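The structure appears below as structure tokens.
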2 protein chains.
Amino acid sequence: MSTDQLSSTSYLVLGLLAREGPCTPYDLKRHVAATLGHFWSFPHALLYAEPTRLASIGLATETQEERGRRRRVFTITDAGSHALRAWLERPNREPTELRDPGLLQIFFSDMGPSQTQWTIAREQLAVHRAKLAAYMKDEVLGSGTGSAFGQRTLEQWLSHGLRMAVMYERSAVAFWEDVTVDAVAEEASAAGGVPEDYGKLIA
Amino acid sequence: MSTDQLSSTSYLVLGLLAREGPCTPYDLKRHVAATLGHFWSFPHALLYAEPTRLASIGLATETQEERGRRRRVFTITDAGSHALRAWLERPNREPTELRDPGLLQIFFSDMGPSQTQWTIAREQLAVHRAKLAAYMKDEVLGSGTGSAFGQRTLEQWLSHGLRMAVMYERSAVAFWEDVTVDAVAEEASAAGGVPEDYGKLIA
DNA sequence: GGGTACATGTAATCAGTTACATGATTTA
DNA sequence: TAAATCATGTAACTGATTACATGTACCC
């Protein structure tokens with residue numbers, strides 16, 4: 001029953017089954033969408049396939065409803081819990097993957113026409129500002145920006161997960177603001193003018 | 001000659017061929033390793049496969065050496081340049097993928113023994129500090145931390161690409177410091193004591 | 001000249017993604 | 001009761017990752 005070679009997806013599912021109790025794939029989907037899914041996409045098909053795989057190696061069990069939707073409900077087994085804990089205690093040095101298509105574009109923006117950098121930066125700035133605003137509306141984030149002492153509720157842990165994402169978005173906004181300003185300055189010095197909506201940038 | 005449905009990998013290769021001129025897959029590999037590869041992994045097998053694919057749809061051409069290593073050299077075609085420029089001008093709203101295994105662990109740390117949070121945070125703090133230090137040693141980053149005006153050299157663009165990564169690592173360090181402090185406080189209040197190497201944390 | 005690191009490539013596997021397809025529940 | 005949306009699942013595909021395999025250049 002090799003618990004080796006489990007993927008991040010495996011631990012995601014194991015973790016959710018451990019914390020939330022028995023779940024249908026749809027339950028998993030919703031939990032993920034509300035938390036990690038904001039910055040680490042797990043297409044729903046994955047969350048239907050992965051529990052099946054876990055069941056096949058004994059880390060979960062599967063039961064199916066007789067009537068109605070005939071949903072499949074998955075439950076973590078002792079072996080599953082054990083695998084999860086073992087993973088939690090194992091130091092993890094896999095590097096963060098930061099896959100940002102906007103960054104890829106700006107990286108090659110010198111291969112395009114002169115206003116390319118400016119166009120990309122403006123777009124990305126909008127994207128990241130919107131995302132940051134969306135995070136801020138999620139009430140789950142509201143309170144504990146300072147260090148929270150004492151016992152931690154589930155909600156606090158969820159917000160804990162998102163805190164990093166918020167920090168990333170803040171960095172991203174700052175970064176794209178910088179790039180935008182640079183691009184404007186460059187355009188100005190090259191063409192002797194300033195884009196019309198320059199004022200909007202600083203707002 | 002549908003230039004549709006090209007992946008990030010495709011544009012990475014097109015962009016490098018456009019900027020660097022004809023390249024072997026190994027050339028691509030080295031360029032990537034020195035830049036984007038720091039935070040977005042592209043296994044070398046990809047960089048051997050992708051140019052072939054591009055050649056098959058007319059966005060690059062392939063020539064092979066007669067003698068010696070019989071390397072394959074790829075050159076971007078006009079169609080390839082066109083596809084690249086079209087992509088640069090197309091607004092891109094695909095979200096950033098932030099796949100951080102450490103974050104996944106901390107997200108589920110309440111499923112492990114009590115010191116789990118502390119252990120994970122310490123590990124991740126070390127990882128991200130090391131990465132940040134490594135970035136700082138790369139001379140390519142040294143100078144222009146402020147906004148750089150005037151014309152931009154290739155080196156500046158490279159550093160531009162990495163600047164975001166540096167900001168991310170800074171955020172990560174701050175985040176994991178926070179988590180570490182939280183964990184220490186929690187352990188202390190729960191067990192009435194403080195881990196021995198607490199002092200090292202603040203250093 | 002033997003070892004080591006660099007360089008080049010392919011093949012097989014596997015995970016992630018897209019697309020398809022349909023049933024169940026709610027709401028107008 | 002029809003439409004819309006929520007929910008459930010599978011199949012096919014494609015791209016990413018791992019593993020294998022080998023050759024070349026350099027260094028001791």
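Naming convention: chains lettered A, B, ... in sequence-line order (proteins, then strands); numbering from 1 in each chain. Nothing here was measured: the structure is a model prediction, and the numbers come from that model.
- Protein atom NE2 of B:His44 is 8 Å distant from nucleotide atom C1' of C:dT8, rounded to whole Å.
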Sugar-phosphate atoms are those with a prime plus P, OP1 and OP2; base atoms are the rest. Using that split, label each nucleotide of nucleotides 12-17 of chain C B, S or - for protein heavy atoms under 4.0 Å, 5' to 3'. ---SSB
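- Regarding A:Tyr48, its OH atom lies at a distance of 16 Å from the C1' atom of C:dT18, rounded to whole Å.
- Nearest heavy atom pair, residue A:Phe107 against residue B:Leu36, reads CD2-CD1, 3.9 Å.
- An OP1 or OP2 oxygen of D:dG9 is reached within less than 4.0 angstrom by a side-chain nitrogen or oxygen of A:Arg72.
- With sequence neighbours excluded, no residue forms a side chain to side chain donor-acceptor pair (under 3.5 Å) with A:Thr61.
- Residue pairs that meet the salt bridge (charged side-chain N to carboxylate O under 4.0 Å, His left out) test with at least one member in residues 45-56 of chain A, sequence neighbours left out, are A:Glu50-A:Arg53.
- Residues passing the side chain to side chain donor-acceptor pair (under 3.5 Å) test with A:Glu123 are B:Arg93, sequence neighbours excluded.
- Rounded to an integer number of Å, the gap from B:Leu47 CG to D:dT18 P is 14 Å.
- By the side chain to side chain donor-acceptor pair (under 3.5 Å) test, B:Ser7 pairs with B:Ser10, sequence neighbours left out.
- Atom CG of B:Leu54 and atom P of D:dG15 are 11 Å apart (whole Å).
- Here A:Arg99 pairs with A:Glu97 under the salt bridge (Lys or Arg N to Asp or Glu O under 4.0 Å) rule; sequence neighbours left out.
- With rounding to whole Å, B:Lys29 atom NZ is found 18 Å from D:dA16 atom P.
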